Amino acid sequence: MNNVRVRFAPSPTGWMHIGNTRTAVFNWLLAKKLGGEFMLRIDDTDAMRSKKEYEDAIRDVLLWLGLSWDKEARQSERKQRYDEVRDVLMKQGRIYACWESAEELEVMRKKLMSQGKPPIYDRGALRLSEEDIARYRAEGRRPHYRFKLNDGVIEWDDMVRGHIRYEAANLADPVIIREDGSYLYHLPSVIDDFDFGITHIVRGEDHVTNTAAQIQMFEALGGQAPQFAHLPLLTGKEGKLSKRLGSLGVRELRAEGIENMAICAFLAKLGTSEAIEPWKDLSALAQSLDFSKLGRSQPKFDEEELKLFNHKVVRQMSFAQVKDRLDTTEEFWEAIKGNLDTVQEAKIWSEVCFAQIVPIIEDTQVCAAAAENLDGYCGDDATYNEWINAIKTATGKKGKELFHPLRLALTGTDNGPELKVLLKFIGRQKAKLRLSGQNA
RNA sequence: GGUCCCAUCGUCUAAUGGUUAGGACAUCACCCUUUCACGGUGGUAAUAUGGGUUCGAAUCCCGUUGGGAUCACCA
């Protein structure tokens with residue numbers, strides 16, 4: 001184990017969705033690829049919106065996906081540490097009090113925008129006199145606090161976007177402490193990354209300007225910013241960053257029968273120049289991680305493609321991987337798995353073969369001939385072929401006219417694995433009853 | 001509006017000044033299967049747009065158009 005440490009830092013304010021999960025997957029894969037630690041950090045600084053059930057769901061989903069963590073922390077338990085840092089930075093003048101109300105700030109922003117100016121905070125609070133402040137206090141106002149950005153160029157080498165450069169003057173001093181004294185995301189995040197020795201941060205590109213501000217925070221703490229990788233954001237089919245994506249829950253996908261490996265591999269390879277294909281396991285997938293293979297434009301996430309891919313994943317799963325979820329034999333699994341979209345669908349064929357179904361008699365002549373000639377069938381190819389030929393001779397039917405009624409009578413449905421294979425499991429007895437129209 | 005990012009087959013992308021513009025997914029056709037499906041083989045399909053630079057541009061430069069991010073007392 002080296003000193004590489006990577007983290008996934010969700011805020012428990014909603015269910016795990018495809019965008020979240022992608023970030024988790026990349027961070028986890030990077031930790032494994034570099035042989036480092038993976039940390040789960042619950043960013044619950046927003047007490048109003050954070051919920052225990054969301055936090056539990058995050059853990060459930062990560063575990064189900066196979067993204068286990070070596071260490072964890074919760075921001076709501078580290079307030080003391082944040083206060084310490086706050087006091088130091090305040091003394092240094094990097095944190096300053098502001099007295100504008102949210103409404104006043106909103107008005108200022110709108111005014112600047114309408115003048116064609118960037119809606120950046122004007123640092124009015126820094127020009128306040130003692131009397132001004134005393135008056136605000138007397139009015140019953142409570143201050144919120146901002147982090148003061150130093151002028152100059154902020155730059156870093158991003159693992160996916162290359163060299164990035166921002167002029168600090170184009171950025172607004174971020175608010176880091178609310179009027180009620182609680183912390184906003186920026187500072188606790190940096191303090192934690194610093195304290196826990198986080199070496200790499202992978203997150204969405206919506207964070208790039210945050211990163212610029214946070215780099216100065218790392219420096220203010222006397223530390224050095226970790227390596228950053230900002231992933232292009234996923235978009236929906238229609239092009240826009242769809243709200244559906246935000247609501248596309250991993251739990252729902254799981255319930256639909258999408259495999260954890262399908263989700264991980266799909267998210268890890270979408271937007272890269274590599275083929276989306278099944279991987280043996282997560283560590284093999286981790287070894288394949290390469291940020292230089294990622295494009296810089298925003299890939300479209302299509303749920304249909306994920307489902308198609310899931311089929312491929314299911315098809316190459318061994319019996320050992322599914323036996324705990326299915327009550328069936330290896331022989332049966334191997335016979336039908338090529339035909340499944342989800343592992344759960346195996347149950348459908350299991351019922352068709354071993355339980356009772358209602359046959360559909362589409363062609364009485366074919367079914368009668370089939371029933372009459374079934375006695376010689378022994379479950380092998382040779383007697384199966386003899387049986388088919390006998391029906392063909394007796395009825396003069398062939399091809400679809402022959403097989404469609406047989407399939408309907410024997411399985412009660414018009415599609416599925418090869419009839420020859422299914423009949424082997426259905427057996428002569430059951431088949432005969434079904435062919436004569438009886439439930440069996 | 002300021003700042004930043006992006007633009008190649010339907011989709012994800014490769015081609016770091018000279019390629020018949022390549023691959024994967026989807027699609028279509030054919031083959032296999034005496035049916036559907038599964039599987040196999042092959043095909044169709046792209047450089048947003050206008051100017052430059054150059055012997056030569058998908059590639060470099062400028063403009064246009066289009067898309068996205070951010071500018072929260074969310075994270």
Side-chain angles (χ1 to χ4, degrees), chain A residues 9-14 20 43-46 48-50 75 98 100-103 105-106 109 112-121 142-146 161-162 164-167 169-172 174-186 188-189 203-210 212 230 232-233 235 237 239-241 266 269-277 293-302 304-305 308-309 311-312 315 336-341 385 388-389 391-392 397-408 411 413-421:
Chain A
S11 60
T13 55
N20 256 351
D43 280 15
D44 53 354
T45 55
D46 189 339
M48 292 296 289
R49 298 195 303 148
S50 295
Q75 292 194 323
C98 300
E100 301 88 353
S101 68
E103 295 73 33
L105 288 171
E106 181 64 28
R109 268 193 296 270
L112 287 167
M113 288 273 267
S114 68
Q115 290 173 349
K117 290 179 185 166
I120 290 174
Y121 179 61
R142 296 174 57 79
H144 59 276
Y145 295 85
R146 289 183 189 262
R161 293 160 70 91
I164 301 185
R165 188 189 152 91
Y166 273 97
E167 204 67 55
N170 291 322
L171 270 25
V175 174
I176 54 169
I177 301 175
R178 295 186 181 85
E179 199 178 304
D180 67 4
S182 65
Y183 289 89
L184 263 60
Y185 150 79
H186 284 94
S189 177
R203 54 187 7 177
E205 69 180 1
D206 51 335
H207 278 284
V208 285
T209 51
N210 289 339
H230 290 92
L233 261 21
T235 62
K237 259 182 294 192
K240 275 198 171 180
L241 183 68
F266 191 84
K269 297 307 177 192
L270 180 64
T272 72
S273 52
E274 294 175 284
I276 297 177
E277 57 188 5
K293 296 270 171 65
L294 263 168
R296 275 94 175 120
S297 56
Q298 305 179 331
K300 290 180 179 59
F301 175 85
D302 184 346
E304 290 310 310
E305 279 187 51
L308 245 18
F309 176 59
H311 163 75
K312 285 197 171 145
R315 200 168 66 209
I336 62 161
K337 70 178 187 183
N339 233 252
L340 306 175
D341 285 330
N385 288 335
I388 292 295
N389 281 326
I391 306 168
K392 204 171 143 187
K397 301 268 173 71
K398 60 176 182 177
K400 189 167 185 171
E401 281 196 314
L402 176 61
F403 282 87
H404 197 253
L406 284 179
R407 178 177 287 281
L408 281 173
T411 69
T413 176
D414 68 352
N415 65 71
E418 214 180 331
L419 208 46
K420 184 160 68 178
V421 172

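All figures in this text were calculated on a predicted structure; none of them were measured in a lab.
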**Q.** Whole angstrom value for the distance that separates C1' of B:rC12 from CD of A:Glu304
**A.** 17 Å
**Q.** Out of B:rC73, B:rU34, B:rU35, whichever nucleotide has its closest atom nearest the side chain of A:Lys398
**A.** B:rU34
Q. Between B:rC73 and B:rA26, how far is it from one C1' atom to the other, in whole Å?
A. 47 Å
Q: Figure out the CZ/C1' separation between A:Phe309 and B:rU11, and round it to whole Å.
A: 15 Å
Q | A:Tyr183 side chain to A:Gln75 side chain, donor-acceptor N/O pair below 3.5 angstrom | A | no
Q: From the options B:rU11, B:rU34, B:rC73, select the nucleotide whose nearest atom is closest to the side chain of A:Lys300.
A: B:rU11
Q: Among the candidates B:rU33, B:rC73, B:rC71, find the nucleotide nearest to the side-chain atoms of A:Ile120.
A: B:rC71
Q. Quantified in whole Å, what is the C1' atom distance between nucleotide B:rU27 and nucleotide B:rC12?
A. 16 Å
Q. Taking a pair as Watson-Crick or G-U wobble with both distances under 3.5 Å, which nucleotide is matched to B:rA7?
A. B:rU65
Q. If the P atom of B:rU59 is compared with that of B:rA7, how far apart are they to the nearest Å?
A. 12 Å
Q) For A:Ile176 and B:rA75, what is the distance between atoms CD1 and P respectively, to the nearest whole Å? A) 12 Å
Q.
With a 3.5 Å limit on both atom pairs, tell me what B:rA57 is paired to, counting Watson-Crick and G-U wobble, or say none.
A. none
**Q.** Among B:rA37, B:rC73, B:rA75, the one nearest A:Asp43 by side-chain distance
**A.** B:rA75
Q) Rounded to the Å, how far apart are A:Asn415 CG and B:rU35 P? A) 15 Å
Q | Contact state string [nucleotides 61-66 of chain B, B base, S sugar-phosphate only, - no protein heavy atom under 4.0 Å] | A | ------
Show each protein N/O and nucleotides 5-8 of chain B N/O combination with a separation under 3.5 Å, one pair to a line.
residue: B:rC5; atom: O4'; partner: A:Arg161; partner atom: NH2; Å: 3.4

Can you give me the N/O atom pairs linking the protein to nucleotides 24-30 of chain B at distances under 3.5 Å, or say none if there are none?
none

Q.
Closest approach to the side chain of A:Glu418, judged atom by atom: which nucleotide of B:rC73, B:rU33, B:rA14 is it?
A. B:rU33
